[in-house]
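In this text the structure is predicted, and so the values were computed from the model without any measurement.
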Amino acid sequence: MSTSMAMSRSFPAKRESGVSLIELMVALVIAGLITLGIIQIFVGSKVAYQVQEGLSRIQENGRFSLQYLEHNARLAGYMGCGNDLARVPPNNPATANYPYDTRFRNHLVANGSTPPSYLRFQRPIEGFNANAVPVDQPLAVGGTGDWTPKLPDSLDGKAVKGSDVLILRIFGEESTPVTSQFTNAGSFTVADVNFVKANGIYGIENCGATPTYGFSEIFEAATSAAGAITAPLGGDNVLVVPSATSLTWNNGIGFSSPVGSPVNASVHEVRYLAFYVGLRTQEDGTTKVPALFVQHFTSAGGVDLTDDELADGIENMQLLFGRDTSVPRDDTVDDFKTADAFATGTAEAQDAAWQQVISVRVGLLARSPDSNSGTSHN
């Protein structure tokens with residue numbers, strides 16, 4: 001008899017694979033913390049970048065504005081060889097009809113009339129002190145009466161209230177030599193035929209030995225062809241001196257031109273620069289932001305004015321003017337005054353007062369053009 005034996009194999013029980021709900025929640029918490037940390041790092045880096053970008057823009061705009069102002073302010077009073085209006089003794093000190101130094105002549109305004117601000121070149125530097133405005137008042141442009149003295153009409157409704165205004169009237173550094181004497185018709189020629197444009201405003205300086213201190217005269221070129229310049233004569237070709245006798249071009253220009261030598265005179269471009277803080281409309285058409293502007297003669301020539309933006313983010317400008325009141329002058333600042341201290345007396349007295357200015361302190365308040373969530377920096 002045979003028997004059979006059944007054999008059986010036992011296998012271990014198979015466990016379910018995966019994570020528990022608790023493990024999943026812990027993983028999610030850890031992942032969330034890591035994500036929050038990354039976001040915080042990203043936000044912090046973005047804020048730091050915005051702050052650094054804003055500071056860079058502030059520094060760039062501030063540095064450019066100050067350098068531009070400094071460069072042009074150094075030229076204030078420069079009239080070529082008839083340099084520095086306040087230094088040159090007058091031609092006729094005993095003549096009551098000549099309150100100005102007659103070595104400087106302005107041919108742009110009729111005799112006895114008051115020249116507009118942009119033509120008053122016997123006042124090479126001038127400031128306007130902003131009247132006080134309420135604290136935290138939004139930036140807004142003002143009228144001429146919001147400054148002391150009153151702003152020129154050409155700046156009405158353009159400058160921001162509470163910010164000072166600076167005007168410079170200067171001879172440009174570049175020039176071209178005069179190559180001929182004046183004719184009776186007031187014509188002369190220059191070396192660079194492209195330098196002088198018709199209807200442009202220019203100054204001519206005489207560097208000759210006679211008279212000792214030289215002459216400077218400002219005129220508008222009526223025509224310019226192949227280097228031949230014609231200055232307007234007649235009613236506009238006169239001194240800006242009350243009750244003075246009208247003088248034409250061939251009356252005492254004082255060129256020194258010995259036989260065999262060239263005429264010792266040059267022609268410079270004349271510049272009127274009015275610096276002020278204004279408001280610029282952004283691309284959205286509604287938001288206005290502050291910027292530093294300059295008003296000047298148009299490139300087309302003549303006495304028409306235009307305004308250009310120099311630097312954005314300039315919110316306020318404050319000025320102090322250093323005076324040399326010593327007699328004779330010693331090139332040392334005796335005191336600093338705000339512009340309203342010069343706004344007394346006749347226009348001629350104010351001219352003399354502004355000619356005492358030998359230094360100007362400029363303070364600018366700048367802000368970044370874009371806001372950020374970091375700390376504000378001005």
Side-chain angles (χ1 to χ4, degrees), residues 66 69-106 109 114-130 147-152 164-171 203 205 211-218 239-242 244 270-276 317-363:
L66 289 175
L69 286 166
E70 178 185 8
H71 172 76
N72 287 285
R74 287 182 180 274
L75 293 173
Y78 171 66
M79 296 293 175
C81 293
N83 199 356
D84 199 337
L85 299 180
R87 294 180 180 277
V88 182
N91 263 355
N92 303 289
T95 303
N97 285 339
Y98 291 86
Y100 294 114
D101 174 10
T102 54
R103 287 186 173 85
F104 171 73
R105 296 173 182 165
N106 189 335
V109 184
T114 300
S117 176
Y118 51 87
L119 298 182
R120 200 172 189 89
F121 283 94
Q122 58 268 41
R123 191 180 299 180
I125 187 171
E126 186 177 12
F128 300 83
N129 190 57
W147 284 262
T148 304
K150 293 177 60 176
L151 278 186
D164 293 349
V165 175
L166 176 66
I167 290 181
L168 303 174
R169 306 171 183 90
I170 61 179
F171 275 27
E205 54 160 329
T212 305
Y213 298 98
F215 274 100
S216 294
E217 308 202 13
I218 293 178
L239 281 170
V240 186
V241 178
V270 169
R271 298 172 185 168
Y272 162 83
L273 304 172
F275 298 96
Y276 64 93
M317 177 170 64
Q318 295 296 312
L319 305 169
L320 283 174
F321 298 91
R323 305 187 303 171
D324 178 6
T325 58
S326 303
V327 180
R329 292 176 59 162
D330 58 7
D331 292 329
T332 301
V333 175
D334 296 309
D335 57 20
F336 279 91
K337 297 290 185 180
T338 53
D340 54 327
F342 299 82
T344 59
T346 64
E348 291 74 22
Q350 293 179 41
D351 291 341
W354 281 109
Q355 289 172 13
Q356 292 179 326
V357 173
I358 62 172
S359 176
V360 57
R361 289 178 176 173
V362 180

What one should report as the nearest heavy-atom pair of Y276 and A274 is CD2-O, 3.7 Å
To the nearest 0.5 Å, how far apart are CG in L273 and CD1 in I125?
11.5 Å
Enumerate the residue pairs fulfilling ring pair (Phe, Tyr, Trp, His ring centres under 6.0 Å) with a member in residues 337-361, sequence neighbours excluded, ordered by first and then second residue.
F321-W354, F342-W354
For E70, give me all partners under side chain to side chain contact (heavy atoms under 4.5 Å, CB included), at least two apart in sequence or on another chain.
R74
Output all residues satisfying side chain to side chain contact (heavy atoms under 4.5 Å, CB included) with T332, sequence neighbours left out; order by chain, then residue number.
D330
Results of side-chain hydrogen bond (donor to acceptor under 3.5 Å, both in side chains) for R271 - residues two or more places apart only:
none
Identify, with sequence neighbours excluded, every residue that meets side chain to side chain contact (heavy atoms under 4.5 Å, CB included) alongside P152.
S117, F128, S154, L155, I167
The reported gap from CZ in R123 to CD in Q350 (rounded to nearest 0.5 angstrom) is 5.0 Å
side-chain hydrogen bond (donor to acceptor under 3.5 Å, both in side chains) against S359, all qualifying residues, sequence neighbours excluded:
none
Side chain to side chain contact (heavy atoms under 4.5 Å, CB included) filter on T338, not counting sequence neighbours, yields N129, L320, D340
Is there a donor in the side chain of S326 and an acceptor in the side chain of D334, or the other way round, less than 3.5 Å apart?
yes
side-chain contact (heavy atoms from CB on, under 4.5 Å) evaluation trace for F275 with V165
CA-CA 6 Å; F275 298 96; V165 175; over 6 Å; no
Between D164 (side chain only) and L319 (backbone N and O only), is there a donor and an acceptor less than 3.5 Å apart?
yes
Can you tell if the side chain of L168 reaches within under 4.5 Å of the side chain of L75, non-hydrogen atoms only?
no
Out of curiosity, M317 CE to L66 CG, how far, rounded to the nearest 0.5 Å?
10.5 Å
Between A339 and P149, what is the shortest heavy-atom contact and its length?
O-CD, 4.0 Å
